[in-house]
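Accompanying notes for the structure given below.
Numbered from 1 within each chain, the chains take letters A, B, ... in sequence-line order.
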2 protein chains.
Amino acid sequence: MARRPGTQRIGIADVATRAGVSHATVSRVMNGNFTVDPEIAARVRTAAAELNYQPNPVGRSLALGRTDTIGIVVPDLANPTFQAILRGLSMAAAQDGYRVLIADSSEVSSEEAILAGEARRRCDGVVLCAPRMSDAELEELAPSLHPMVLINRSTDAAQTPSLMVDYGLGIQELARHLVDLGHRKLAFLSGPERSASNAQRLVGLDKFRTDHPEIQLEILPGGSNFDSGHESAEAILASGATGILAFNDLVAMGLLSGLHERGVRVPEDMSITGFDDIPFARYTTPPLTTAAVPITELGDLAWRRMRELIQNKDAEAPRNTFQPQVEVRGSTGPAKA
Amino acid sequence: MARRPGTQRIGIADVATRAGVSHATVSRVMNGNFTVDPEIAARVRTAAAELNYQPNPVGRSLALGRTDTIGIVVPDLANPTFQAILRGLSMAAAQDGYRVLIADSSEVSSEEAILAGEARRRCDGVVLCAPRMSDAELEELAPSLHPMVLINRSTDAAQTPSLMVDYGLGIQELARHLVDLGHRKLAFLSGPERSASNAQRLVGLDKFRTDHPEIQLEILPGGSNFDSGHESAEAILASGATGILAFNDLVAMGLLSGLHERGVRVPEDMSITGFDDIPFARYTTPPLTTAAVPITELGDLAWRRMRELIQNKDAEAPRNTFQPQVEVRGSTGPAKA
DNA sequence: AGAATTTGAGAAAGCGTTTTCTCGAAGCGT
DNA sequence: ACGCTTCGAGAAAACGCTTTCTCAAATTCT
């Protein structure tokens with residue numbers, strides 16, 4: 001091994017030499033071990049300062065068996081929801097001296113297991129954000145990924161905390177809101193095939209159907225981003241519905257834009273709801289009625305759960321469920337007579 | 001060192017034992033070294049597969065002296081501009097098997113050097129995104145951070161590629177646009193004190209002033225986020241200006257909202273411009289006139305530069321400058337008579 | 001067939017730390 | 001003053017891998 005020939009980054013050995021002690025002693029001093037003579041400790045410290053020594057984290061990680069890093073796997077980093085979760089997670093983790101490594105699966109569910117495994121090997125834990133993989137895969141993968149925290153998903157695998165949002169309830173409340181406004185023909189513009197939160201919405205809407213047999217509700221295929229909403233404008237018009245439940249805010253915004261291009265007025269001709277309450281939902285034209293989810297807090301809490309798991313591998317794994325809050329804004333209005 | 005007592009993650013030694021070879025041979029097989037007998041290589045491969053062996057990246061990093069990870073330091077992860085850069089960087093890096101580690105300095109310039117140093121030690125390189133530190137600090141830090149790529153900043157330090165945006169030009173074009181619409185009293189809502197791109201805008205506006213001595217232009221203190229724009233509504237009104245150049249889209253949107261609350265109509269009473277063209281700029285009420293910057297491409301290019309630096313430490317360090325493109329939308333209109 | 005060469009794989013060193021082990025020196029009591 | 005404990009620091013092992021070094025076996029050449 002002679003990768004680097006001569007001089008390079010200064011290491012613990014250099015400090016040891018300069019201070020005239022062994023590297024073991026330097027290590028002791030750097031880690032605040034008090035079994036070192038104060039006079040020697042001071043000598044080590046000045047030597048370290050003079051050389052501007054900073055321990056190599058890789059060597060440290062190898063010896064310590066931890067990296068002070070956690071990974072997060074998201075389906076799409078372009079989605080403001082996941083951006084907000086990432087931010088909450090990153091800020092909270094940084095507070096405790098941890099960094100976060102990101103992996104974007106680009107909505108390809110087969111990539112998730114690979115990315116998650118890779119991330120886990122590099123990190124002390126991994127947060128899976130709205131994974132698209134099947135329940136079976138998730139449960140099988142869980143043990144090898146532990147410590148792991150799930151967002152928008154749960155599993156029966158042991159010791160896996162879950163942060164859930166009650167999308168089923170939220171979508172029902174939005175539907176009810178539309179019904180209260182007089183809408184009788186609704187349409188749901190659904191999300192990614194493999195999204196668990198989409199499935200929850202569908203279950204919620206099933207319930208809604210039995211509660212409101214008088215209401216017509218059509219389910220249309222869709223996606224999770226702006227473009228898929230935009231492309232669905234035609235299908236939405238064809239459906240004849242006047243109250244539209246979009247999968248999320250992004251889809252709603254795309255739809256808003258697509259409808260605007262076709263001269264459809266919102267909310268006069270058609271009412272539209274989103275989901276998540278991303279930061280920009282209130283600044284669309286018109287402002288978006290949506291179901292608010294505390295996304296940044298989700299990231300924050302994900303870190304707290306992760307910390308518990310890291311500190312105590314046998315920690316219990318609670319499931320938290322957040323209730324979305326309907327935010328009525330300008331994109332919904334009374335149905336036309 | 002007996003951190004973990006008994007059984008744990010399986011390592012190269014387990015594979016070696018099972019295949020009846022030395023770990024050196026396992027390593028050779030795993031790394032595609034062809035000086036291994038095909039028959040033995042096959043035995044190793046099946047052993048590895050049966051044990052589901054995955055090399056430990058930390059051990060690997062220590063031996064190889066590289067981590068296949070790069071760091072990025074941003075002033076504020078809540079800012080869509082930096083989110084987009086991060087995304088571009090992450091996607092491009094992932095393409096080449098690299099991961100990205102994030103660090104958010106929360107606009108605290110004194111944290112940047114620490115975060116960047118820490119990131120650099122953990123990673124093979126670091127991208128500094130719109131650093132707030134002084135030129136002197138930046139130049140002093142550069143050698144210890146190499147390979148490093150700068151975004152929205154440049155330095156005289158050797159081998160430091162820079163990706164720049166000509167904010168000075170962009171802001172002049174926006175100002176000219178407002179003048180063309182008949183505005184005679186302009187105001188610039190400035191950004192963070194330490195932002196280099198803000199300084200560039202100010203230089204551009206100085207030039208604008210000499211080119212258009214007949215135009216009144218006031219500089220107001222501000223910030224970089226939605227709230228600071230919102231809070232500036234009062235000061236903007238007090239200035240008497242009818243054409244407002246906001247530091248960026250976020251500030252413009254906050255201002256839009258603040259003005260709306262005060263019953264000011266945009267663009268009838270006042271024209272507003274943003275900067276960056278974040279994805280949501282076109283969906284505000286009214287849609288925001290702004291200067292578009294190819295932010296995702298910036299991240300993408302940052303990775304390409306980084307890759308050049310990693311592959312060839314003596315690579316030259318070009319400076320790319322992007323020209324913002326004025327996007328005229330609904331937030332600007334003719335000045336009132 | 002014997003010497004020279006090539007091939008292939010194990011032994012071992014090295015990457016930069018932390019931590020256990022070990023042992024000399026100092027401190028204590030009697 | 002002697003044996004006991006305590007203290008402090010160096011030596012060395014360990015973390016998990018890659019790669020050089022080394023040498024036996026197989027191959028080639030004369």
Check your understanding: According to a strict under-4.0 Å criterion, is A:T35 in side-chain N/O contact with OP1 or OP2 of D:dG8?
Key -> no

Check your understanding: Between D:dC17 atom P and A:R122 atom CZ, what is the distance in whole Å?
Key -> 14 Å

**Study point:** Separation of A:T160 OG1 from A:L128 CG (nearest 0.5 Å)
**Key:** 10.0 Å

Review point. From C:dT18, D:dG8, C:dC15, pick the nucleotide closest to the side chain of A:D37?
Key: D:dG8

Review point. Rounded to the nearest Å, what distance is computed from the CG atom of residue B:N56 to the P atom of nucleotide D:dA14?
Key: 17 Å

Check your understanding: Atom CZ of A:R28 and atom P of D:dC7: how far apart are they, to the nearest Å?
Key -> 15 Å

**Study point:** Side chain B:T69, main chain B:R99, donor-acceptor under 3.5 Å
**Key:** no

Review point. Cut-off 3.5 Å, side chains only: do B:N56 and A:R122 have a donor facing an acceptor?
Key: no

Exercise for review: Give a yes/no answer on whether the side chain of A:Y53 brings an N or O atom under 4.0 Å of OP1 or OP2 in C:dG16.
Suggested key: no

Check your understanding: Quick one: which of D:dT19, C:dT18, D:dG10 gets closest to the side chain of B:A24?
Key -> D:dT19

Point to revise | Residue-phosphate contact under 4.0 Å: A:T25 side-chain N/O, D:dG10 OP1/OP2 | key: yes

**Study point:** Least distance between heavy atoms, A:A48 atom then A:M30 atom
**Key:** CB-SD, 4.4 Å

Review point. Quick one: A:F34 CZ to D:dT6 C1', roughly how many Å, whole number?
Key: 19 Å

Practice item. Quick one: label B:V58 by what it contacts on the DNA or RNA (base, sugar-phosphate, nothing), any heavy atom closer than 4.0 Å. Key: nothing

Practice item. Considering just the side-chain nitrogens and oxygens of B:R60, establish if one lies under 4.0 Å of OP1 or OP2 belonging to D:dT18. Key: yes

Check your understanding: Are OP1 or OP2 of C:dT18 and a side-chain N or O of A:N31 less than 4.0 angstrom apart?
Key -> yes

Exercise for review: Round to the nearest Å and state the distance from A:R66 atom CZ to D:dA14 atom P.
Suggested key: 21 Å

Exercise for review: Quickly work out the A:L64 CG to C:dT20 C1' distance and round it to whole Å.
Suggested key: 14 Å

Practice item. May I ask you to say what B:V36 touches in the nucleic acid, namely base, sugar-phosphate or nothing, with a heavy-atom cut-off under 4.0 Å? Key: sugar-phosphate

Review point. Across the strands shown, which category fits A:S27 at heavy-atom distances under 4.0 angstrom: base, sugar-phosphate, nothing?
Key: base

Practice item. Whole angstrom is fine here: how far is it from CD1 in A:I12 over to P in D:dA11? Key: 14 Å

Point to revise | Closest contact, heavy atoms only, A:S105 versus A:P75 | key: OG-CA, 3.3 Å

Point to revise | Distance in angstrom units between A:L62 CG and D:dA14 C1', rounded | key: 9 Å

